[in-house]
Amino acid sequence: MNGFLRVLMFIYSVIIGIFSFVLIYGMFDEDIFSKIISPLPAIISGPVSKYVYFAVLALLFVTAIISISNSITYGTLNRTRLRKTEIGTVDIGAGAIESIALNAAKSAQVGIKSARCHVAPAKNGAIKINLSCELYSNVEIPASMSKVQEKVKKDIERYTGVIVESVFVKVAKVEATTAKVESR
């Protein structure tokens with residue numbers, strides 16, 4: 001979000017906070033609503049105050065619309081990366097980046113049984129990768145996961161051109177070794 005939208009969202013949040021406080025206070029003091037509404041006809045009938053009142057309500061309405069549209073589109077817009085070329089644009093979805101990360105993690109051949117991936121936006125158009133892995137037993141975790149981090153970062157940057165700020169690897173589970181007993 002740019003600075004203007006942040007300021008609008010801050011103003012909207014403050015107004016909603018004050019409005020919520022007044023409504024909660026109204027549960028204990030019923031006369032507050034008549035005290036708030038009684039000066040309203042004088043405000044609306046004034047030549048200058050009418051326009052100020054309209055501007056405040058219009059700003060509140062616009063910030064509400066912006067808030068609604070941002071909350072709907074925020075997830076989808078920030079989860080794709082656009083690359084412009086001479087011919088047009090290339091849209092790389094989060095699913096594609098997650099697939100590349102998972103393939104890179106599994107192809108590192110360090111004993112990953114299964115993995116899940118989540119892509120999050122970072123600063124300056126970069127991304128953050130969060131991997132949650134389940135490992136086979138007998139894996140040297142620090143060295144192996146360091147290798148996975150490097151391979152994931154290198155592959156995503158090579159195949160997509162998107163800068164990877166960081167790769168977080170969480171080892172969620174290590175598969176227990178079970179002794180096999182053969183019967184004769």
Side-chain angles (χ1 to χ4, degrees), residues 1-17 20 62-183:
M1 260 192 290
N2 63 24
F4 178 70
L5 289 178
R6 288 183 187 185
V7 169
L8 283 180
M9 293 301 295
F10 176 76
I11 292 169
Y12 181 68
S13 299
V14 168
I15 291 171
I16 293 298
S20 299
V62 168
T63 53
I65 297 299
I66 291 171
S67 173
I68 291 168
S69 64
N70 279 344
S71 64
I72 291 171
T73 60
Y74 180 74
T76 57
L77 291 178
N78 281 338
R79 291 179 174 256
T80 60
R81 298 290 172 224
L82 294 174
R83 293 288 172 231
K84 293 184 180 184
T85 64
E86 309 82 45
I87 303 170
T89 60
V90 177
D91 182 16
I92 303 169
I97 294 172
E98 289 172 355
S99 295
I100 293 169
L102 290 172
N103 288 337
K106 289 180 181 178
S107 70
Q109 298 179 350
V110 292
I112 294 178
K113 181 179 179 183
S114 65
R116 290 186 317 247
C117 182
H118 175 71
V119 177
K123 295 179 182 177
N124 299 327
I127 58 173
K128 296 178 186 176
I129 305 294
N130 294 308
L131 280 171
S132 178
C133 301
E134 183 177 332
L135 304 178
Y136 290 111
S137 60
N138 301 329
V139 172
E140 188 181 327
I141 295 173
S144 300
M145 295 306 105
S146 177
K147 185 177 177 182
V148 168
Q149 287 175 315
E150 292 170 11
K151 181 140 178 66
V152 167
K153 179 177 172 43
K154 184 179 78 170
D155 282 3
I156 290 174
E157 289 178 350
R158 179 177 15 161
Y159 295 133
T160 65
V162 176
I163 296 170
V164 177
E165 181 182 281
S166 58
V167 178
F168 298 104
V169 178
K170 175 185 175 188
V171 177
K173 184 177 176 184
V174 176
E175 183 179 276
T177 54
T178 56
K180 294 183 180 181
V181 178
E182 293 182 20
S183 60

Trace of the side-chain contact (heavy atoms from CB on, under 4.5 Å) decision for L135 with V171
CA-CA 7 Å; L135 304 178; V171 177; 3.7 Å; yes

Begin from the C-alpha positions of K154 and R158 and carry the test side-chain contact (heavy atoms from CB on, under 4.5 Å) through to its verdict.
CA-CA 6 Å; K154 184 179 78 170; R158 179 177 15 161; 3.7 Å; yes

Taking it one step at a time, do E157 and K153 satisfy salt bridge (charged side-chain N to carboxylate O under 4.0 Å, His left out)?
CA-CA 6 Å; E157 289 178 350; K153 179 177 172 43; 2.8 Å; yes

Assess whether side-chain contact (heavy atoms from CB on, under 4.5 Å) is satisfied between V164 and V152, documenting all intermediate values.
CA-CA 9 Å; V164 177; V152 167; 5.9 Å; no

Test side-chain contact (heavy atoms from CB on, under 4.5 Å) on V110 and M145 and set out the steps.
CA-CA 8 Å; V110 292; M145 295 306 105; 4.0 Å; yes

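With contacts defined as side-chain heavy-atom distances shorter than 4.5 Å, the pair V148/V167 does not qualify.
Checked against S114 for a side-chain contact (heavy atoms from CB on, under 4.5 Å), the options E134, K173, E175 give a single hit: E134. Of the options T160, V162, I163, a side-chain contact (heavy atoms from CB on, under 4.5 Å) to I127 is made by V162 and by none of the others.
Across every non-hydrogen atom of E140 and S144, the tightest pair is O-OG, 2.7 Å. Closest heavy-atom contact between K123 and E165: N-OE1, 3.9 Å. When all heavy atoms of V169 and C133 are compared, the closest pair comes out as CG1-SG, 4.1 Å. Taking every heavy atom of both residues into account, C117 and I129 meet most closely at SG-CG2, 3.8 Å. Summarising the geometry of K128 relative to F168, their closest heavy-atom pair is CD-CE1, 4.4 Å, with the distance given to 0.1 Å.
Interatomic distance, H118 NE2 to K170 NZ, rounded to the nearest 0.5 Å: 13.0 Å. The CD1 atom of I156 sits 10.5 Å away from the CG atom of N103 when rounded to the nearest 0.5 Å.
Under the 3.5 Å distance criterion, the side-chain polar atoms of S107 are matched with a main-chain donor or acceptor of A104.
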